[in-house]
Amino acid sequence: EIGQFRYNIYVNEFNFAAHPTADHERGVILDDNDFDENVHHFYTGTRAEMMSVFKFRVFKAGALPADFQAKFSVDRFPDWEDLNVAEVSRMMIRKTLRGQALYASMVYQGFEFLAEKHQTDLVFLYCLPGLVRHYLQQGCRLYGAEVDGVQQMVPLVIVMSDAAHFKKTG
């Protein structure tokens, strides 16, 4: 069902039929890592009527795969080998519900999960250029990392322990 929700957003709403993982026969977008042990999917609504989705990939200290290290230029962070790290991706909200409290609720629940269950230190993500200001207001930070291959995406990081930064950004 999550794959169908993604497909509806990317292909039907954004008209991105050339999405590299779109399966047009099944009407789904799935990632190679969607079923990995360290991947956690979240959604609101019911399985039949999803309102939003996102996923986390979580890694214990010292367990980052080389491709993840390269994709996010993790070596730019001091002592990164000793940090618990996560990636948030595929965050989508049904068009009719955007700009409402649903996003804040999703973020709160998701990051509470990362803090409590995984003691996460850093959370990495990419976002569309038009959403950068929004993410910065939510506590994300810009930093230098390589650009995602699907489209011109902006790399961001969240430092989970920096309460002063979260308070300052609102």
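Heavy atoms only: backbone and side chains are in, while hydrogens, waters and symmetry mates are out.
In this structure, Y103 has its ring center under 6.0 Å from that of H134. Aromatic rings from F5 and Y43 are positioned such that their centres are separated by 6.0 Å or more. Checked against a 6.0 Å centroid threshold, the rings of Y7 and H24 count as neighbours.
Side chain of E87 to backbone of F56: no donor-acceptor contact under 3.5 angstrom is found. Although no hydrogens or angles enter the test, the distance criterion places no donor-acceptor pair under 3.5 Å between the side chain of H118 and the main chain of A86. A donor-acceptor pair under 3.5 Å is absent between the side-chain atoms of S73 and the main chain of R76, judged by distance alone. Side-chain N or O atoms of T120 include none that pairs as donor or acceptor with a backbone N or O of A115 at under 3.5 Å. A distance-only check finds no donor-acceptor pair linking the side chain of D23 to the backbone of I29 [under 3.5 Å]. For Y126 (side chain) and S89 (main-chain N/O), no donor-acceptor pair under 3.5 Å exists by modelled atom type. D79 places no side-chain N or O within donor-acceptor distance of the main-chain N or O of D82, the cut-off being under 3.5 Å.
Side-chain contact of Y135 with R141: a donor-acceptor pair under 3.5 Å is absent, judged by distance alone.
Hydrophobic cluster membership is shared by L125 and W80, with clusters built from Ile, Leu, Val, Met, Phe, Trp and Tyr side chains linked at under 4.5 angstrom. Under a hydrophobic clustering in which Ile, Leu, Val, Met, Phe, Trp and Tyr are joined whenever their side-chain heavy atoms come within less than 4.5 Å, directly or via other members, F113 and M91 fall into the same cluster. Hydrophobic clustering of Ile, Leu, Val, Met, Phe, Trp and Tyr side chains at less than 4.5 Å, counting indirect connections, keeps M50 apart from V39. Tracing side-chain contacts under 4.5 Å through hydrophobic residues (I, L, V, M, F, W, Y), one reaches F54 starting from V107; they form part of the same cluster. With hydrophobic clusters built from ILVMFWY side chains whose heavy atoms lie under 4.5 angstrom apart, F16 does not share a cluster with V28.
In summary, of the residues considered (F68, F124, F72), a ring pair (Phe, Tyr, Trp, His ring centres under 6.0 Å) with F59 occurs for F68 alone. Checked against L122 for a side-chain contact (heavy atoms from CB on, under 4.5 Å), the options V157, V74, N84 give a single hit: V157. Here the options are R6, R94, R98, the test is salt bridge (Lys or Arg N to Asp or Glu O under 4.0 Å), and the partner is E13; only R98 passes.
The CD atom of Q119 sits 6.5 Å away from the NZ atom of K60 when rounded to the nearest 0.5 Å. With values rounded to the nearest 0.5 angstrom, L156 atom CG is found 4.5 Å from C127 atom SG. For the atom pair L97 CG and M106 CE, the distance stands at 10.5 Å (nearest 0.5 Å).
The shortest non-hydrogen separation linking V154 to P129 is CG2-CA, 4.1 Å. Counting all heavy atoms, side chain and backbone alike, A22 lies closest to V11 at CB-CG2, 4.3 Å. Scanning all heavy atoms of the two residues, the minimum distance from L102 to I93 falls at CD2-CG2, 3.8 Å. The minimum heavy-atom distance between I158 and C140, with the atom names listed, is CG1-SG, 3.6 Å.
Crowding of D32 atom CG: a count of heavy atoms from other residues, nucleotides or ligands under 6.0 Å not exceeding 12. The number of heavy atoms from other shown groups lying within 6.0 Å of CD (E37) does not exceed 12.
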**Study point:** Working for salt bridge (charged side-chain N to carboxylate O under 4.0 Å, His left out), residues K55 and D31
**Key:** CA-CA 11 Å; K55 78 174 183 181; D31 299 324; 2.9 Å; yes
